[in-house]
Amino acid sequence: MKTNVNEAIAFSEKRHLAVPEEILLSVEKPARYIGNEVNAALKDVNSVDVLFCMCFPDVYEIGMSHLGIQILYDMFNRREDVYCDRVYSPWPDMDRVMREHHIPLFGVESQLPIKKFDFLGITLQYEMCYTNVLQILDLSGIPIYAKDRTEEDPIVVGGGPCSYNPEPLAPFFDFFYMGEGETRYYEIMDLYKEMRAAKKSREEILHAIAKVPGMYVPAFYEVEYYDEEHPAPDPLLDNTIRSFKPIYDDIPKKIRKEIVKDMSDTYYPNHPIVPYIKATQDKVTLEIQRGCIRGCRFCQAGMIYRPVRERSLKFLKENALELLTSTGHEEITLSSLSSSDYSHLEELVNYLIDTYKDQGVNISLPSLRIDAFSLDVMSKVQDIRKSSVTFAPEAGTQRLRNVINKGLTEEDIINGSGQAFDAGWTRVKLYFMLGLPTETVDDMEGIPILCNKIAARYYEIPKEKRNGRVQIVASSSFFVPKPFTPFQWVPMCTKEEFLDRARIVRHKFGEMLNSKSMKYNWHEADLTVLEGVLARGDRRVADVIVKAYEKGCIFDAWSEYYKNEVWMEAFDKCGVSIDFYNTRERSTDELLPWDFIDTGVSKRFLIREWEKAQRAEVTFNCRKQCSGCGVGSFEGGICVERKN
Amino acid sequence: MNVRIKFAKYGSLVYIGHLDVMRFFQKAMRRAGIPISYTGGYSPHQIMSFAQPLGLGMSSEGEYVDIQVYDTFSTEESVRRLNEVMTDGMRVLDYRELPEKAKGGMSVIAAADYMLWIDGREKFSAQAKQLWEDFLNKPEILATKESKKGETTLDIKPHILESQMEEDRLYLRVSTGSAINIKPDLVFRTFCEAYPDQLEYPGNKLRIHRIDLYADDENGGFISLNDMGTVVLEGGRS
């Protein structure tokens, strides 16, 4: 028996952890809370001027899969005077013990209480994380309402797609960063450092930030509504916003989003953090382009991230090598809203396969259009017998696909699946939406009819050449109108209407000749209704979020934790009407809560698109023909390429 | 060629579970540029197998992973490369070539050495040493093991192979492996529960450190897994 223990190892001082050992060992996956991952920055908190904590308000494994945070984390930590740490939502088991033992929320690397940071940056990726934002603030000991914060509290900043309608969260944030983080954060750090050194107050600092392009300080903007005292000129506008204006003359009335003009001359996190526990995306991400040329009318990302900007092949090849070497990941994924539209896709994919396939590196290509090229690539990188091909027609008939401007035809789908079947695939997945504007029973029934045609195409293959039965899996989500899309004015379905539509689809599936080869799933309607209110809400919705949180709602995006009755009660108690936000038809004359934001895409264009949608007319993609959306004023990406 | 890597796991990495340690090493091999072999097929994976999993919360200086390589650096260079890509709490201690005929990989494990103590290196009670002797002298030591199938009772006396009680720590050698696997905390719990008036099980204040893992040797004794391999003085790669 050995008794000559290496005491330096056995009795090694553990890195100071904010949570005592016995608690860590009692919660699920303690590795969520210990930091110290591969490629983490791990700086000395005393050696910097600015402490920034970046937060993803969901569980660690999801937060660690997010590219945006990795970009900003890397960019901040390149500065010697800044230390960027990270924090994620403590899972309900940890949440409970932290409250029980009065342990304040901490950054995972420094283990320092969030309250000690200069900034807390929260990314808002989906509406269902809003109660988690309150959880983060509350566990940190930071007042939930920005107006109650003092000089001792961090400045709380929000960003990400949901900040394109920040209003339901406006009272909780000190400011929102509108647009892409790469452009203005250094300027804000410099400004903060200088003003702090000069002993300026929180108010003064926020005032200065409000003058930086792209920054929105909600407290400096005043909203007024039509009410009994100020009746609306038109009953359609009852209770809507009457005016929205800054309280100072020296801050902008409209806030214009920030974008990176040249995507090949900017920061890329090529030494991303590698978590110990398996993240949702356990791979390195290579963002090949930002924005999308398609202009699908339901898609917020397709509008707010305009114009499409590609990264150069050279940039991507160099970064792919660095990413794989620095992380040791065995998979690389190409990220974009529509990979097939990237001009050098074939060259890039072939390069990656030729270079890395022998090294056991897997290549994954989400959001690919199914055609001869993509099937050829897929057959090289995955096992045909185990994988499936995916389509997102979104609607069941060509008419409705024209309404939403989804440029995918029935012919594309049948031919694509046919080629896949001929190559050996037997599984097809399809994604649809129910509740789209102008949707009729024909459109709903069009979903099973389309699926049936795909199955029929499979059975055209001679029996001896088939690999058993075909499997068609169709899923539908319920449509939520989003700000800054041509559908931002449309009424959303009620929960009952959604479920009725799903039942019509399900019933029709049963009538199909190939029904035994087809499966149909639909999403939950409760969550969709809430998402609708949060997506198009205004400042009056904020109290409902607080109420729901106080009654125990967190992790609403996780159906096992979602408490619909509690939310409904919160709406009731706050006197906030769901119908006002969801099912009401908005006039295009209405001052919308998010109208003070300038995404570059003009309201004129959105109205034009909404009118074309009602006539089921399509609009060409940006590469084929400019549709004059207005984003050309940014002078970047495809808008510039077209001119040259 | 087969290689055995010995490593230590300690500090905050005691909170990382076995599956995550495996994933950590798979990525570390790539970062370090170790010429590890892969299986074929659509999803090739590294040829790699780990020794006896270490319980969550325990530290160790006697962890092992066997890998197959198609070429090698020297032991010194391999250890250096691996340690360059480790994080705080994970350290590679050795890298040795296994003899061709070495069979069974990790199935050969027969025993493990541990050190147990109480957090803060508190001293055990004054009677602990004498009670421990008394404990070992019992005709049988029945321990209750909880498993998925329910509780089972087992005589662990033959599996406490060696021990040494000191004032602030207990060294233990116990049977370990796929056939019979005695956990050190089970031994200590059984010990404390045998003398309820004098001893109290320290619960989550008990600290456990694995010192080494052993296989049976030809002479009826034990051989450290590390001693089964030989140092690579000069690799094919440099």
Side-chain angles (χ1 to χ4, degrees), chain A residues 1-17 19-27 29-40 42 111 274-279 282 324-331 357-362 379-387, chain B residues 8-17 19-21 23-33 36 38-39 41-46 56-57 59-62 85-89 91 93 111 113 115 117 119 121 161-164 166 169 171-173 203-205 207 209 211-212 222 224:
Chain A
M1 188 176 61
K2 274 186 199 166
T3 56
N4 55 331
V5 172
N6 182 335
E7 298 209 354
I9 290 177
F11 302 129
S12 71
E13 274 296 307
K14 281 203 181 73
R15 212 162 67 81
H16 165 73
L17 295 177
V19 180
E21 177 144 16
E22 55 271 24
I23 292 180
L24 276 177
L25 288 174
S26 75
V27 298
K29 300 195 187 169
R32 286 169 173 162
Y33 313 106
I34 62 169
N36 182 30
E37 305 95 330
V38 172
N39 294 334
L42 284 173
Q111 300 278 314
V274 188
Y276 292 108
I277 52 176
K278 198 170 177 175
D282 183 25
L324 289 165
T325 325
S326 69
T327 59
H329 269 295
E330 38 283 283
E331 188 168 348
K357 194 70 187 123
D358 290 341
Q359 300 174 33
V361 173
N362 223 323
S379 68
K380 284 182 194 156
V381 299
Q382 48 186 238
D383 189 344
I384 292 174
R385 285 162 306 168
K386 287 182 191 151
S387 62
Chain B
K9 177 175 179 270
Y10 55 98
S12 56
L13 291 204
V14 302
Y15 303 112
I16 309 297
L19 284 175
D20 296 324
V21 171
R23 290 170 6 86
F24 177 86
F25 268 91
Q26 284 159 12
K27 292 181 166 64
M29 293 297 160
R30 296 169 169 283
R31 291 197 297 272
I36 189 164
Y38 284 82
T39 61
Y42 271 99
S43 49
H45 52 265
Q46 298 174 350
L56 207 63
S59 59
S60 174
E61 60 184 85
V85 300
M86 293 289 125
T87 49
D88 183 29
R91 195 188 307 163
L93 304 172
D113 286 350
M115 176 174 73
W117 73 103
D119 191 28
R121 292 166 74 181
L161 305 168
E162 245 182 282
S163 67
Q164 186 175 317
E166 293 182 5
R169 63 185 77 171
Y171 293 103
L172 268 184
R173 173 171 289 180
N204 50 34
K205 289 218 160 306
R207 297 288 172 266
H209 177 71
I211 306 167
D212 207 355
F222 294 106
S224 161

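Proteins get letters first, then strands, A, B, ... in listed order; numbering begins at 1 in each. Excluded from the calculations below are hydrogen atoms, water molecules and symmetry mates; all remaining heavy atoms, backbone and side chain alike, are included.
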Original post:
At a heavy-atom separation under 4.5 Å, does B:I211 approach chain A through its side chain, its backbone, both, or neither?
Top reply: side chain

Subject >> Minimum heavy-atom distance between B:Y15 and A:P30, given as atom pair plus value >> reply: O-CG, 3.7 Å

Original post:
Which one of A:T327, A:V361, A:L324, A:N362 has the most heavy-atom pairs closer than 4.5 Å to chain B?
Top reply: A:T327

Original post:
Are A:T325 and B:R30 close enough that some pair of their side-chain heavy atoms sits under 4.5 Å apart?
Top reply: no

**OP:** Under 4.5 Å heavy-atom distance to chain A, tell me which part of B:L19 shows up: side chain, backbone, both or neither.
**Re:** neither

**OP:** May I ask you to decide whether A:K2 forms a salt bridge with B:E61, counting only side-chain N to carboxylate O separations under 4.0 Å?
**Re:** no

Subject >> A:I9 and B:S60, any side-chain heavy atoms less than 4.5 Å apart >> reply: no

**OP:** Identify the two heavy atoms, one from A:L25 and one from B:G57, that lie closest to each other, and give their separation to 0.1 Å.
**Re:** CD2-CA, 3.8 Å

**OP:** Taking only Lys NZ, Arg NE, NH1 and NH2, and the carboxylate oxygens of Asp or Glu, determine whether A:E21 and B:K205 approach each other closer than 4.0 Å.
**Re:** no

Original post:
Side chain, backbone, both or neither: which part of A:S387 has a non-hydrogen atom closer than 4.5 Å to chain B?
Top reply: neither

Subject >> chain A contact via B:D88 - side chain, backbone, both or neither, heavy atoms under 4.5 Å >> reply: both

**OP:** Work out which heavy atom in A:S12 is nearest to a heavy atom in B:G11; give both atom names and the distance.
**Re:** OG-N, 3.7 Å

Subject >> Heavy-atom proximity to chain B below 4.5 Å, by part of A:I277 >> reply: both

**OP:** Select one option (side chain, backbone, both, neither) describing which atoms of B:S224 are under 4.5 Å from chain A's heavy atoms.
**Re:** side chain

Subject >> Any donor-acceptor N/O pair, B:R31 side chain to A:G328 backbone, under 3.5 Å >> reply: no

Subject >> Side chain proximity check, A:V274 to B:K27, heavy atoms < 4.5 angstrom >> reply: yes

Original post:
Heavy-atom distance under 4.5 Å to chain B: side chain of A:S26, backbone, both or neither?
Top reply: neither

Original post:
Would you say A:N36 and B:L13 make side-chain contact, with heavy atoms under 4.5 Å?
Top reply: yes

Subject >> Under 4.5 Å from any heavy atom of chain A - which part of B:V14 >> reply: side chain

Subject >> Least distance between heavy atoms, A:T3 atom then B:Y171 atom >> reply: O-OH, 3.2 Å

Original post:
Is it true that A:E330 and B:R23 make a salt bridge, defined as a side-chain N closer than 4.0 Å to a carboxylate O?
Top reply: no

Subject >> A:Y276 side chain reached by B:T87 side chain, heavy atoms, under 4.5 Å >> reply: yes

